[in-house]
Amino acid sequence: MTNVNIVGSDIGEITKSLSAFSDASHYFNESYVSMTLSTTFGNGSISIVRISDSISAITFDVVFSEDQSISLQNKTSHNIDFIYCLEGHVKQKFLNNSRLECISFRQNSIFGRTPKTTNFITFLSGVPVKACIIIFDNTYSMRIIDEDKNLDLRTAAVKELSNNFKQEDFRYLGRICFKPAIYAKKIIDNNNPSSSDLLFIEAAILNIMASQWERHQEDSKTNGIEAPLRPSELDKVVALESFINSNITENLSIDRLVKISGLNPAKLQLGFNYLFNATISSYVRDKRLDKAAQLIKETDYNVSELVYSIGFSSRSYFSKIFKQKFGVLPSQCVSNPSLLMAV
């Protein structure tokens with residue numbers, strides 16, 4: 001096993017450390033670096049993004065041929081690591097704790113570390129992983145905040161975030177959280193970013209932090225929400241969610257979903273509420289609206305064809321909920337698809 005030690009959140013230092021896994025690095029600019037994994041270590045790519053002096057992100061789309069470890073430390077300041085696995089899983093432990101904890105597929109996880117603490121992240125041999133590690137330098141942010149009384153919106157938010165973490169070791173392994181997946185995918189799958197893409201990447205990184213912090217706050221208010229289902233049952237809900245997304249235009253009645261999942265209606269509803277903060281019907285409805293927006297951009301369907309294609313039976317109902325979500329009628333978008341270009 002190779003252990004790569006990353007000290008601090010500086011993009012140059014992070015790149016220098018991670019270059020141990022790569023034969024060459026490609027700088028798009030001083031704030032974005034991409035590297036291809038050396039065949040000695042496996043297959044895939046790693047990217048490093050700097051969005052401020054206090055926030056950097058490392059993304060992985062890799063399959064290592066042997067177990068590999070990355071250690072995160074900062075000898076002078078308190079850092080917070082937001083870690084999210086879009087696909088696969090990794091292991092985590094602190095230097096002073098020999099116990100490895102699993103960061104599961106799409107599990108919300110936040111770690112605070114003092115200058116005396118090292119956070120070890122282990123990638124397992126043969127496990128495909130798409131993951132994002134966001135390093136937030138809490139001490140640096142607080143120093144800037146103290147010096148600047150006229151705070152911009154991001155700095156004000158960082159101040160609130162910083163105030164909620166004490167200067168001590170911290171581990172939060174929470175619920176499965178699907179909201180950050182939307183943003184993690186934008187970062188990880190974007191290997192050749194344009195100038196405009198870099199702005200979307202910056203926004204996505206901040207949204208991952210916000211989404212993970214939001215879920216942490218929700219759990220803190222309730223002292224953590226105990227899963228209403230067994231792990232094997234939650235796995236079935238996750239698999240069903242994948243099925244729904246792949247077959248969104250089909251009949252997705254509760255009766256059919258019960259047969260596919262093997263869970264009764266009550267457990268299905270509990271699982272969707274726990275994982276997605278939504279009922280099954282509202283989740284399916286929202287995904288169908290997203291599919292409708294996609295079809296408007298990619299096809300010449302009229303509104304009636306859209307209604308039929310995404311599994312709705314009422315044109316008036318479809319138009320009503322489409323406008324509630326996107327702010328415009330589907331008929332307007334069919335005539336002018338550019339109204340949905342930002343969606």
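Nothing fancy with the numbering, it's 1 onward along the sequence.
- No side-chain donor from either of Gln212 and Tyr172 sits under 3.5 Å from a side-chain acceptor of the other.
- Annotation: side chain of Asp286 is in contact with side chain of Lys325 (closest heavy-atom distance under 4.5 Å).
- Of all the heavy atoms in Cys177 and Asn108, the pair that sits closest is CB-CB, 4.0 Å.
- Annotation for Cys333 and Phe322: closest pair SG-CE2, 3.9 Å, computed over non-hydrogen atoms.
- Rounding to the nearest 0.5 angstrom, the gap separating the OG1 atom in Thr279 from the CG atom in Leu270 is 12.5 Å.
- Both tests pass for Arg175 against the ring of Tyr274: distance under 6.0 Å to the centre and angle within 45° of the axis.
- When the side chains of ILVMFWY residues are joined at heavy-atom separations under 4.5 Å, either directly or via intervening members, Ile46 and Phe120 end up in two distinct hydrophobic clusters.
- Proximity of a side-chain donor or acceptor of Ser109 to a complementary backbone N or O of Ile83 within less than 3.5 Å is detected.
- Between the side chain of Gln73 and the backbone N or O of Ile6 there is no donor-acceptor pair closer than 3.5 Å.
- Considering every non-hydrogen atom in both Ile188 and Phe60, the closest pair reads CG2-O, 4.1 Å.
- Looking at heavy atoms from C-beta onward, Pro180 lies out of side-chain contact with Phe82 at the 4.5 angstrom threshold.
- Put simply, the side chain of Ser38 never gets that close to the backbone of Phe41: no donor and acceptor are under 3.5 Å apart.
- Atom NZ of residue Lys186 and atom CD1 of residue Ile205 lie 13.0 Å apart, to the nearest 0.5 angstrom.
- Side-chain N or O atoms of Gln269 include none that pairs as donor or acceptor with a backbone N or O of Ala266 at under 3.5 Å.
- Distance CD1/Ile55 to CD/Glu202: 8.5 Å, rounded to 0.5 Å.
- Minimum heavy-atom separation, His89 to Val129: O-CG2, 3.6 Å.
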For this session: Show your reasoning for whether side-chain contact (heavy atoms from CB on, under 4.5 Å) applies to Arg285 and Arg288.
Result: CA-CA 5 Å; Arg285 181 176 66 244; Arg288 282 180 168 163; 5.8 Å; no
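- Side-chain N or O atoms of Arg171 include none that pairs as donor or acceptor with a backbone N or O of Phe111 at under 3.5 Å.
- Grouping the Ile, Leu, Val, Met, Phe, Trp and Tyr side chains by contacts below 4.5 angstrom, directly or via other members, places Tyr84 apart from Phe105.
- By the criterion of side-chain heavy atoms lying less than 4.5 angstrom apart, applied directly or through intervening Ile, Leu, Val, Met, Phe, Trp or Tyr residues, Leu329 is not grouped with Val303; the two fall into different hydrophobic clusters.
- Among all heavy-atom pairs drawn from Ala204 and Ile187, the shortest one is CB-CG1, 3.7 Å.
- For Ser335 (side chain) and Ser331 (main-chain N/O), a donor-acceptor pair under 3.5 Å exists by modelled atom type.
- Annotation: side-chain hydrogen bond (donor to acceptor under 3.5 Å, both in side chains) contacts involving residues 55-65, sequence neighbours excluded, comprise Ser47-Thr59.
- In this structure, the separation between CD on Gln92 and CG on Leu173 is 6.5 Å, given to the nearest 0.5 Å.
- Between Tyr308 and Tyr301, the ring center distance fails the sub-6.0 Å criterion.
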Identify every side-chain donor-acceptor pair in residues 250-257 under 3.5 Å, counting partners at least two apart or on other chains, and give the distances.
from, atom 1, to, atom 2, distance (Å)
Glu250, OE1, Arg256, NH1, 2.9
Glu250, OE1, Arg256, NH2, 3.1
Asn251, OD1, Ser253, N, 3.1
Ser253, OG, Arg256, N, 3.3
Arg256, NH1, Asn251, O, 2.8

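- For the 3.5 Å distance criterion, the side chains of Asp67 and Ser69 fail to qualify, holding no donor opposite an acceptor.
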Exercise. Passes side-chain contact (heavy atoms from CB on, under 4.5 Å), Asn119 versus Phe94? Steps please.
Worked result: CA-CA 5 Å; Asn119 191 7; Phe94 289 123; 4.1 Å; yes
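- A donor-acceptor distance shorter than 3.5 angstrom exists from the side chain of Ser17 to the backbone of Asn5, with no hydrogens or angles considered.
- Looking at heavy atoms from C-beta onward, Phe64 lies in side-chain contact with Leu37 at the 4.5 angstrom threshold.
- Between Phe272 and Tyr283, the ring planes lie perpendicular to each other; the angle is over 60°, past the 30° to 60° tilted range.
- Rounded to the nearest 0.5 angstrom, Lys91 NZ and Ile103 CD1 are separated by 10.0 Å.
- Between the side chains of Asn245 and Glu241, at least one donor-acceptor pair of N or O atoms lies under 3.5 Å.
- Side-chain atoms of Ser211 do not come within 3.5 Å of backbone N or O of Ile208 as any donor-acceptor pair.
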For this session: Could you walk me through whether Cys85 and Gln107 pass the side-chain contact (heavy atoms from CB on, under 4.5 Å) test, one step at a time?
Result: CA-CA 7 Å; Cys85 292; Gln107 182 178 22; over 6 Å; no
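- The CD1 atom of Ile14 lies 6.5 Å from the OG atom of Ser9; values are rounded to the nearest 0.5 Å.
- Lys236 approaches Ser261 most closely through the heavy-atom pair CD-O, 3.3 Å.
- Between Phe318 and Phe312, the ring-plane angle classifies as tilted under the 30° and 60° cut-offs.
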For this session: Give the C-alpha distance, both sets of side-chain angles, the deciding distance and a yes or no for side-chain contact (heavy atoms from CB on, under 4.5 Å) between Phe21 and Ile70.
Result: CA-CA 11 Å; Phe21 291 133; Ile70 293 173; 4.1 Å; yes
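- One hydrophobic cluster holds both Ile134 and Ile110 under the rule that ILVMFWY side chains link at heavy-atom gaps under 4.5 Å.
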